[in-house]
Amino acid sequence: MKLSDMAGKKVILNFWATWCPPCKAEMPHMQEFYVDQKGNKVEILAVNLTTAEKDSNNIGKFVNDYGLTFPILLDSNGEIGETYQAFSIPTSYIIDTKGIIRKKIVGPMDKEMMSELINSIE
């Protein structure tokens, strides 16, 4: 998947791992936000920093346990996390409809914060 595939949509690009407590706290908010935004040209792309996982088999269980329905992408060689400088997690980027990064958020977000950030961009 490429960000250019998301042209015309607002995107939250999120970097996370299964062992990260703030990531665990953030995921239910992301899922709720994702469901609320259906049909609004808003997308969540959650990139698992797979090289940081102790056991990558935990990813599927995590996704099922949290009932996540937004795209979960795997950064299996660490390149994407490095490119986006996701050194502490969760880290999220708010990307506008033209593909321009408008904000970088280090730390967890709640549903209200996601709504405010998405509404603040074109």
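Because only heavy atoms are used, hydrogens play no part in the values below, and waters and symmetry mates are left out as well, while side chains stay in.
- Between the side chains of N14 and S92, a donor-acceptor pair is found at a separation under 3.5 Å.
- The two residues T50 and S56 make their nearest non-hydrogen contact at CG2-CB, 3.9 Å.
- Taking both residues in full, the closest heavy atoms of P71 and E43 are given as CD-OE2, 3.3 Å, listed atom of the first, atom of the second, then distance.
- Clustering ILVMFWY residues whenever any of their side-chain heavy atoms sit less than 4.5 angstrom apart, transitively, puts V63 in a cluster other than the one holding L49.
- Note on ring orientation: taking the six-membered ring where Trp is involved, the planes of Y84 and F15 are tilted (angle from 30° to 60°).
- The heavy-atom pair separating A25 from P28 by the smallest distance is O-CD, 3.5 Å.
- Judged purely by atom type and a 3.5 angstrom limit, K10 uses its side chain to pair as donor or acceptor with the backbone of I121.
- At a threshold of 4.5 Å between side-chain heavy atoms, the hydrophobic network of Ile, Leu, Val, Met, Phe, Trp and Tyr places M1 and V47 in one connected group.
- With hydrophobic clusters built from ILVMFWY side chains whose heavy atoms lie under 4.5 angstrom apart, M6 shares a cluster with I101.
- At most 12 non-hydrogen atoms from other residues, nucleotides or ligands lie less than 6.0 angstrom from NZ of K61.
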- side chain to side chain contact (heavy atoms under 4.5 Å, CB included) assessment of L3 paired with I95: CA-CA 9 Å; L3 273 179; I95 303 169; 3.8 Å; yes

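- L68 and V11 fall into different hydrophobic clusters, where Ile, Leu, Val, Met, Phe, Trp and Tyr side chains are chained together by heavy-atom contacts under 4.5 Å.
- I59 places a side-chain heavy atom less than 4.5 Å from the side chain of W16.
- T83 places no side-chain N or O within donor-acceptor distance of the main-chain N or O of G81, the cut-off being under 3.5 Å.
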- Message: The test is side chain to side chain contact (heavy atoms under 4.5 Å, CB included); show your working for W19 and I89 and say whether it passes.
- Response: CA-CA 10 Å; W19 50 264; I89 53 174; 4.0 Å; yes

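- To the nearest 0.5 Å, the span separating CD1 on I105 from CD on E26 amounts to 10.0 Å.
- Using a 4.5 Å cut-off on side-chain heavy atoms (C-beta onward), I94 and I118 make contact.
- Residues Y66 and K24 are in side-chain contact: their nearest non-hydrogen atoms beyond the backbone lie under 4.5 Å apart.
- N77 contributes a side-chain N or O that, together with a main-chain N or O of E79, makes up a donor-acceptor pair within less than 3.5 Å.
- Here the closest heavy-atom approach between residue S88 and residue V106 is recorded as OG-CG1, 3.3 Å.
- At distances below 3.5 Å, not a single donor-acceptor pair connects side-chain atoms of N58 with backbone N or O atoms of F62.
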In residues 108-117, what donor-acceptor pairs under 3.5 Å come from side-chain atoms, sequence neighbours left out?
residue : atom : partner : partner atom : Å
D110    : OD1  : E112    : N            : 3.3
D110    : OD1  : M113    : N            : 2.8
K111    : NZ   : E32     : OE2          : 3.3
K111    : NZ   : D36     : OD2          : 2.4
S115    : OG   : K111    : O            : 3.2

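- The only member of Q31, M30, Q37 that meets side chain to side chain contact (heavy atoms under 4.5 Å, CB included) when paired with F33 is Q37.
- Tracing side-chain contacts under 4.5 Å through hydrophobic residues (I, L, V, M, F, W, Y), one never reaches L13 starting from I44; they form parts of separate clusters.
- Inter-residue side-chain proximity for I12 and L45 is flagged as unmet; no heavy-atom pair is nearer than 4.5 Å.
- A donor-acceptor distance shorter than 3.5 angstrom exists from the side chain of E53 to the backbone of T18, with no hydrogens or angles considered.
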